[in-house]
Amino acid sequence: MISLEHVTKLYGTVIGVNDVTVDLGAGAHGLLGPNGAGKTTLLGLVTGQLRPTMGRVTVLGAPPFGNPRVLARIGYCPASDLGERRATAREWVTYLVRLSGRHPREARLRADRALEQVGLGAAARRPLGTLSKGTRQRAKLAGAIAHDPDLLVLDEPFVGLDPVARHDLVSLVRGWAGSRSLLVASHLLHEIEALDAGLAVILGGRLVASGDAREIRDLVDAVPAEVRIACDDPRRMAQALCGSGLADSLRFEGRDGLVVGTHRPRDVAELVAATAHDAGIVTSRITAGDQTLEGVFDRLVQLHRGVGP
Amino acid sequence: MSAVTGIAAVARFQLRRLVTPQRLTLGLVGAAFPAALVLAVRRIEPEIDRNVLVALIYALIPEAVCMLGLLVSMCPAVADELERGTWPHVVVRPRGRRSLLVGTFIAAVAWTAGIAMVALALALAAAGLGGSPGLAAMFAALIILSCLGRAALFALPAVIVPKRALVASVGVAVVVEYLAGFLPAVVNQLTVSLRLRSMLVDWMAWRRVLPAEFRLIIDDRPPWMQIAALLLLAATLLVVATLILERRQFPPSAES
C-alpha cells in the first residue's frame with residue numbers, strides 16, 4: 001500500500017527525512033516520533049504534497065505527487081488547526097468533497113454523512129471560527145473521510161481533544177481501520193496502541209524501528225536500561241550487584257554515584273533497596289532509566305546505531 | 001469533469017471569502033474614489049473637455065481600481081491558504097493545485113470587475129457621461145480585459161513568492177506594466193497596458209488626433225487583434241503559473 005525506498009527529503013540544507021525504507025501493507029499503521037522527528041514530512045511525501053529529493057515513494061501502486069488517481073483515493077487530516085473561520089463545517093466539508101471532483105448535490109450528501117459520522121450534528125451549521133478546537137478537529141476528520149478514500153492519513157488527530165472526544169474519535173478511526181487502510185502519526189505511544197496499529201518509529205528524520213506494538217516493546221526491552229544510584233558506599237553496592245548477575249555493565253560517577261546497565265531495572269532497584277537495608281549503605285537516590293517516549297526513542301536510536309549504554 | 005467541478009468549487013468558495021461586509025465596504029469606498037476625483041476636477045474646471053474626462057476615467061478605473069482590486073484578491077491566492085492552514089487540505093485533492101489557482105483567478109476577476117463596474121457607473125454619472133451607453137460598454141470591455149490580463153499577471157508572483165506576493169506584484173505592475181509598457185520597443189508587446197491603451201485610442205477614434213510622440217506607445221493593429229493578443233498573453237501567464245504551482249512544495253513549517 002505504502003512503499004518508501006531510500007527516501008530522503010531535503011529543505012535546502014535541512015533534512016526532513018533521511019534515507020527511509022519501509023513497506024506498509026494494507027491495514028492500520030502508526031507513525032511514532034517526537035515533535036520535529038520528520039513525521040509530517042513523511043506524511044507530506046505519502047499524500048503527494050512533497051516530492052522526495054532522493055528515492056521513490058509509491059502509494060496505492062503509484063507515486064502520489066501530482067497523481068490525481070492516487071490523490072482521489074487518499075484522505076488526509078493535517079495536524080495544523082484550521083484557520084478557515086467564516087465557513088460553516090458543512091460548507092467546508094462540502095467544498096473539500098467538491099474539490100475531489102464530486103457534483104454539488106452528491107458533495108452535500110457525502111458531507112452531511114461524514115459530519116454525522118464524526119458526531120458533529122447541529123454544530124455542522126455553525127461557522128468554524130465559533131467552534132472549539134476539538135469540534136474543528138472533528139470537522140477536519142469529516143473532510144478527510146467524506147469522499148470515501150481507500151487510505152486515510154491522520155497527522156496528530158487527537159491533539160487538543162478532551163477525553164470523551166478522544167475516545168469517540170479513537171473508536172471512529174479504529175472502525176475505519178477495520179475495513180480500509182490507515183496511517184496515523186502521533187508522538188504518543190498509547191494513542192497508536194489504542195488503534196491496534198502496526199508501528200513505525202521515526203526520529204531525526206530516520207526510521208529507527210518498525211513492527212507491531214509487541215515487537216517494538218521487545219526491541220526496547222532488548223536494549224539495556226540505565227539505573228543511577230547515589231549512595232555513601234558505591235563500591236560495596238557495586239559488589240552486591242556484580243554478584244547478583246543483574247548488571248550488564250557498571251561504572252562509577254563521582255564519589256557517590258553508580259550507573260548500572262541492565263535488562264531488568266525493576267529487579268536492580270529491589271536489590272539496591274535490599275542491599276542498602278542489609279548492609280547499612282545510605283542510599284539517597286535510585287533513578288530508573290528514562291521511561292518516557294523520548295527515552296524509548298533514545299534507546300531505539302542506540303540500538304539503531306549499535307551502541308549500548 | 002472533475003477539474004471543472006474543482007475549479008467551480010474554489011471560485012465559489014473564494015467569492016464567499018471576498019464578499020464580507022468589511023471587504024465590500026472597502027471595495028465600495030474604492031469604487032467611489034474615481035467619481036469623487038472626477039467631481040473635484042469638474043468643480044475646478046467646469047468646461048473640461050470630454051476626452052480628458054474619458055482619459056481620466058480610463059486611468060482611474062481599468063488601470064487603478066482594477067489593479068488595486070486584483071492586488072487584494074489575486075495576490076494572496078497561495079499565501080492565504082498557507083496562513084489559514086487550508087493548503088494541505090486543498091493540495092491533497094486530485095488537481096487541487098490547479099483548481100485553487102484557476103478558481104481563485106475566476107473569483108478575483110469577478111469580484112474586481114464587479115467593484116470596477118460600480119466605480120464606472122458612479123464615475124460616468126459624476127462626469128455627466130451617464131447617457132452614453134457606447135462609452136459605458138467600451139469601459140466595461142476594458143475593465144473585463146484589464147482584470148483578465150492583470151489577474152493572470154499577478155498569478156505569477158502569487159505562486160513564485162507567495163509570502164511576498166503583494167510586494168512582488170506591485171513591482172511587476174510598476175516595472176512591467178508602467179515601465180516596459182511605455183517603452184517604444186518590442187517588450188511592450190507583452191504588456192496588458194499597451195493592449196488596453198491601443199483599444200481605447202481606437203474605440204475613441206483618437207488615432208488621427210494623437211500627437212506623433214504618443215503614437216510610439218500605441219499599437220497600430222485593430223482592436224480584435226489587441227483582444228486576441230491580450231487573451232493569449234493571459235492564458236500563457238495562467239498556464240505558466242499553474243505549471244509552477246503544480247511543482248511547488250512548502251515545508252510543514254511554512255504552513256502557519
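Protein chains get the first letters and strands the later ones, always in sequence-line order, with residue 1 at the start of each.
To the nearest 0.5 Å, atom CZ of residue A/Arg102 and atom OG1 of residue B/Thr5 are 10.5 Å apart. Expressed to the nearest 0.5 Å, how far CD of A/Glu84 lies from CZ of B/Phe13 amounts to 4.0 Å. The structure places CZ of B/Arg84 at 13.5 Å from CG of A/Asp81, a figure rounded to the nearest 0.5 Å. Here the CZ-CG distance, from B/Arg95 to A/Leu71, works out to 9.5 Å after rounding to the nearest 0.5 Å.
Of all the listed residues (B/Leu100, B/Asp80, B/Thr20), the one sharing the greatest number of non-hydrogen pairs under 4.5 Å with chain A is B/Thr20. The candidate from B/Glu246, B/Glu81, B/His89 with the greatest count of non-hydrogen atom pairs under 4.5 Å with chain A is B/His89.
Contacts between residues 107-115 of chain A and chain B, defined by a heavy-atom separation under 4.5 Å, are made by no residue at all. Contact residues of residues 101-126 of chain B toward chain A are absent (heavy-atom distance under 4.5 Å). The contact list for residues 18-31 of chain A toward chain B, using heavy atoms and a distance under 4.5 Å, is empty.
Taking both residues in full, the closest heavy atoms of B/Phe250 and A/Leu50 are given as O-CD2, 3.7 Å, listed atom of the first, atom of the second, then distance. The two residues A/Arg86 and B/Arg16 make their nearest non-hydrogen contact at NH1-O, 2.6 Å. Heavy-atom minimum distance, A/Pro68 versus B/Pro94: O-CB, 3.5 Å.
A/Arg69 does not touch chain B: none of its heavy atoms, backbone or side chain, sits under 4.5 Å away. In this structure, chain A has a heavy atom under 4.5 Å from the side chain of B/Arg97, while its backbone stays farther away. Looking at B/Arg17, the atoms closer than 4.5 Å to chain A (heavy atoms on both sides) sit in the backbone and in the side chain alike.
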Listed pairs under 3.5 Å, donor-acceptor, residues 226-236 of chain B side chains, sequence neighbours left out:
from: B/Gln226; atom 1: OE1; to: B/Arg195; atom 2: NH1; distance (Å): 2.9
from: B/Gln226; atom 1: NE2; to: B/Asp219; atom 2: OD2; distance (Å): 2.8
from: B/Gln226; atom 1: NE2; to: B/Arg221; atom 2: O; distance (Å): 3.0
from: B/Thr236; atom 1: OG1; to: B/Leu232; atom 2: O; distance (Å): 2.7

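The shortest side-chain heavy-atom distance between B/Val10 and A/Leu99 falls under the 4.5 Å cut-off. Taking 4.5 Å as the limit, every side-chain heavy atom of B/Thr86 sits out of range of all side-chain heavy atoms of A/Tyr95.
A side-chain N or O of A/Ser100 and one of B/Arg93 form a donor-acceptor pair less than 3.5 Å apart.
Taking a 6.0 Å sphere around CZ of A/Arg125, one finds it holds 12 or fewer heavy atoms contributed by other residues, nucleotides or ligands. Surrounding CZ of A/Arg85 are more than 12 heavy atoms belonging to other residues, nucleotides or ligands, all under 6.0 Å away. Within a 6.0 Å radius of CD in A/Glu116, other residues, nucleotides and ligands contribute 12 heavy atoms or fewer.
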What do the steps show when you test B/Gln249 against A/Tyr11 for side chain to side chain contact (heavy atoms under 4.5 Å, CB included), and what is the final call? CA-CA 10 Å; B/Gln249 301 173 72; A/Tyr11 303 114; over 6 Å; no
Determine whether B/Arg12 and A/Glu91 satisfy the following criterion, side chain to side chain contact (heavy atoms under 4.5 Å, CB included), listing intermediate values before the conclusion. CA-CA 11 Å; B/Arg12 190 166 177 269; A/Glu91 285 167 349; over 6 Å; no
